[in-house]
Amino acid sequence: MSPSSQAPGWELWVPRYFFVAGTAAGAYFIGSLLELFGAEKHRVISKVAFYIAFPLALLCPIFLIGDLGQPARFVNLFFTVNWQSPVSFGSWVLLIFGGMTFLSFVDNLIADGKLTFAPFSNLYNRIPRKIYAIV
């Protein structure tokens, strides 16, 4: 009896998700390392990395919803927490990662002067950037 193999049936949603999420995570990781350990001259590179990470992180839920078939299944992942399920755990990691990329993105927009109206913009300084990078 020969073992049979079966294709996972991912089509193109999951490979796209892995590529986009990996690129976003890599960019954010590089930006975070430069934010924590780099000099001021590396700030330009970390800004670019944070500008790349947030839009790519926004695409990730779209690909996951496409794989799950309907948005209700994706939303359900946040209300029924199953830490044994990689999809449930990954959705929470994606939520936290998306929040950190959003904060870093907004922080850079304020620092560059591209976002003129921002409540609490006087609180954005070097210390919160390091906190986002650590998380």
Common cluster, W83/F74, ILVMFWY with side-chain heavy-atom separation under 4.5 Å: yes
For N82, side chain to side chain donor-acceptor pair (under 3.5 Å) partners two or more places apart: none
Check whether any side-chain heavy atom of R43 sits under 4.5 Å from a side-chain heavy atom of N108, and report yes or no. yes
Measure the spacing between OG of S104 and CG of L109 and express it to the nearest 0.5 Å. 11.0 Å
Cluster check V44, Y51: I/L/V/M/F/W/Y, side chain < 4.5 angstrom: no
Heavy-atom check, side chain of F78 versus side chain of S91, under 4.5 Å: yes
If we only count heavy atoms from C-beta on, is the L77 to L64 side-chain gap below 4.5 Å? no
Is there side-chain contact between D107 and L103, with heavy atoms separated by less than 4.5 Å? no
Please give me the minimum heavy-atom distance between A24 and L56, naming the atom from each residue. CB-CB, 3.7 Å
In one Ile/Leu/Val/Met/Phe/Trp/Tyr side-chain cluster, 4.5 Å: F63, W92: yes
If you take all heavy atoms of A49 and A27, which pair is closest and at what distance? CB-O, 3.1 Å
So, for T80 and S88, which heavy atoms are closest and what is the spacing to 0.1 Å? O-OG, 3.7 Å
How many angstroms lie between CE in M100 and CD1 in I131, if you round to the nearest 0.5 Å? 9.5 Å
Are more than 12 heavy atoms, taken from residues, nucleotides or ligands other than F102, located less than 6.0 Å from that residue's CZ atom? no
Rounded to the nearest 0.5 Å, how far apart are CG of L94 and OG1 of T101? 8.5 Å
When rounded to the nearest 0.5 angstrom, what is the spacing between CD1 in I62 and CG in D67? 14.0 Å
Is there a path of hydrophobic side-chain contacts, each under 4.5 Å between heavy atoms, that joins F97 and V75? no
For F50, which of F29, F105, Y28 qualifies under ring-ring contact (aromatic ring centres under 6.0 Å, His included)? Y28
Should we count CZ of F19 as having more than 12 external heavy atoms under 6.0 Å? no
